[in-house]
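Scroll down for the structure; my scribbles are underneath it.
No experiment lies behind these values; they were computed from the predicted model shown. Lettering of chains follows the sequences in order, A, B, ..., and the numbering in each one begins at 1.
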Protein chains: 2
Amino acid sequence: MKPITSEKEFLKNYNIHDFDVPLTSVDMSIFSIIDDELQVLLLKRNDYPAKGKWALPGGFIDKQQDSNLEDTAKRKLLAKTGVSTPYLEQVSTFGSKQRDPRGWSVTIVYMALIAADDIKLSTDDSSDEIKWQPVYQLSNKPALAFDHNEIFNHCYERLKSKVQYTSLPVNLLPEEFTLTELQTTFEIILDMPIEKKSFRRRILDAQILEETGNLRTGNNRPAKLYKANKLGKDHFFQRSIEGPR
Amino acid sequence: MKPITSEKEFLKNYNIHDFDVPLTSVDMSIFSIIDDELQVLLLKRNDYPAKGKWALPGGFIDKQQDSNLEDTAKRKLLAKTGVSTPYLEQVSTFGSKQRDPRGWSVTIVYMALIAADDIKLSTDDSSDEIKWQPVYQLSNKPALAFDHNEIFNHCYERLKSKVQYTSLPVNLLPEEFTLTELQTTFEIILDMPIEKKSFRRRILDAQILEETGNLRTGNNRPAKLYKANKLGKDHFFQRSIEGPR
DNA sequence: TTGACTTAGTGTCTCAATAACACTAACATT
DNA sequence: AATGTTAGTGTTATTGAGACACTAAGTCAA
């Protein structure tokens, strides 16, 4: 067999099946605020392995449809929730010999934030059971399939730490929202009270919101409605929100 | 063919070669400060694809040796630099149809920080050419193999942003160092001057260093030597180092 | 129509962290 | 002993945030 002397020739002789590669998938934690609680989407596995256990949504890369990893995550998310423009962020990649009984496997983990109003759950394909689970019920119990508890915890920690110094929570709200609604969203995620004046000063100074001109009316003084501007969809603050002194 | 009714049975019938999975590798940006410059390790590729181009060190998972992704990164790093206890952090994972001419591929990217003193470069295996490249010479030229320029830029951005609010740079220094040396390391990475008093107050207040009792003597007043304590190896500050007002 | 109630939004004080910068301290070298 | 150089400190002004009491603007019920 003669030596290979060009890239073209190399590629002709190359066959991925000659290599012993790990199984590679994409999994995701999809967060939303439902009934004033931070919740995450779970699916009950319909097939082996881990049949019958609850798991984070995910699956394999479709080499035909997906041109990159984010495509894969978006496709999964659209199929399950009907949301096509989520906030999507890669969190981490887990890979080991032990995490899946099928052997060496790798999973790229994403976190998505979606507004409750946009969700249209579909039990699309395999009639999987699907549910929203409040995160505080999940951080303790080690009940999920594979290493999905660990994966979820990473996502939850990432969400909490990033909320400290970004305007991420706008992605959990509808297009228009009041400052009080935004503050409440921060408080739900961080699970701690935030001082009203400091919060408003900081959000407004950061120049990530603009008034829509509309008002939310109710049983009391109407509140101005805001929406996130271009910066607001993924903006870093100067300083972080801190707890009480 | 009868239906599968247990996990055990499922695993017996499972064969990864029935699946069309992507090629999966681990790549890394290895940073060190050499000649008062932040530099990154590059290898010249000895084989197709991208033969003859400079690339970040990396390679495939060894299903026999490596029990997880970090193992894989550590093994590569040890082979190339002789360093066995680096600071190692997963940065991101890149995967797409286009990034490698062989087709759909995924690479998990790590960044490593090592002290210049610990390095023993080895042209171990395939007599690859190996070199340190100053990062400022790399951020512009798109000369590396595959998408390694993009990958490197991610690592460099991560390093710079993380240095803002952590004590990461201790990992680029030898065991013992002076506060001025640590400050200089910060300044080299951030490429901006830092005010001396503020820097010292913040580092000392953070309680991440302890005096070793030794002094660095020279042609002037001797400086106290410090080493990082347990916290110091990966500690988050309260607030970030900021530029001039 | 008026006053109680509720939530929106503001004025202002205090405190803590830090950038700025001028200062003192301790060595070697001549 | 004087000079130069780097280590290390004292002190002020600024800034951003927490605390909290205040005002503003609506609904609703009597």
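Atom CG of D191(A) is surrounded by 12 or fewer heavy atoms from other residues, nucleotides or ligands within 6.0 Å.
When rounded to the nearest whole Å, the span between CD1 of I194(B) and C1' of dA20(C) equals 15 Å. Atom pair I203(B):CD1 and dA7(D):P shows a separation of 15 Å (rounding to whole Å applied). Taking atom CZ of F199(A) as the reference point, atom P of dT10(C) lies 14 Å away to the nearest angstrom. Taking atom CG of L204(A) as the reference point, atom P of dG16(D) lies 15 Å away to the nearest angstrom. Atom CZ in R216(B) sits roughly 20 Å away from atom P in dA26(C) (whole-Å rounding). Rounded to an integer number of Å, the gap from CD of Q183(A) to C1' of dT10(C) is 14 Å. Nucleotide dG16(D) holds its P atom 8 Å from the CG atom of D205(A), rounded to whole Å. In this entry the distance linking CD of E187(B) with C1' of dA19(C) reads 14 Å, nearest Å.
Contacts of K197(A) with the nucleic acid, taken as non-hydrogen atoms under 4.0 Å apart, include base atoms. Nucleic acid contact for T217(A): none, since no nucleic acid atom lies under 4.0 Å from a heavy atom of the residue. Among the protein residues, T178(B) comes within range of no part of the nucleic acid, since none of its heavy atoms lies under 4.0 Å from any strand.
Across all non-hydrogen atoms, the minimal contact from S84(B) to L78(B) is CB-CD1, 3.9 Å.
Counting only N and O atoms by type, the side chains of K131(B) and Q133(B) include a donor and acceptor under 3.5 Å apart.
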Should R158(B) and E89(B) be marked as a salt bridge (charged side-chain N to carboxylate O under 4.0 Å, His left out) after you check the CA-CA gap, both sets of side-chain angles, and the distance that decides it?
-> CA-CA 10 Å; R158(B) 166 72 65 93; E89(B) 173 177 333; 2.5 Å; yes
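Across the interface with DNA chain C, nearest-nucleotide mapping of E195(B) and E195(A) shows E195(A) to be the residue nearer the 5′ end. Take the nearest nucleotide of DNA chain D for A223(B) and for R201(B): the residue whose nucleotide is more 5' is A223(B).
Taking the six-membered ring wherever Trp is involved, the centroid distance between the rings of F186(B) and F199(B) falls below 6.0 Å.
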Letter per nucleotide, 5' to 3', of nucleotides 22-30 of chain D [B base touched, S only sugar-phosphate touched, - untouched; heavy atoms, 4.0 Å] = --BBBSS--
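Between K196(A) and Q183(A) there is a side-chain heavy-atom pair separated by less than 4.5 Å. Annotation: side chain of V106(A) is not in contact with side chain of S25(A) (no heavy-atom distance under 4.5 Å).
You'll find a donor-acceptor pair under 3.5 Å spanning the side chain of S198(B) and the base of dA19(C), going by distance alone.
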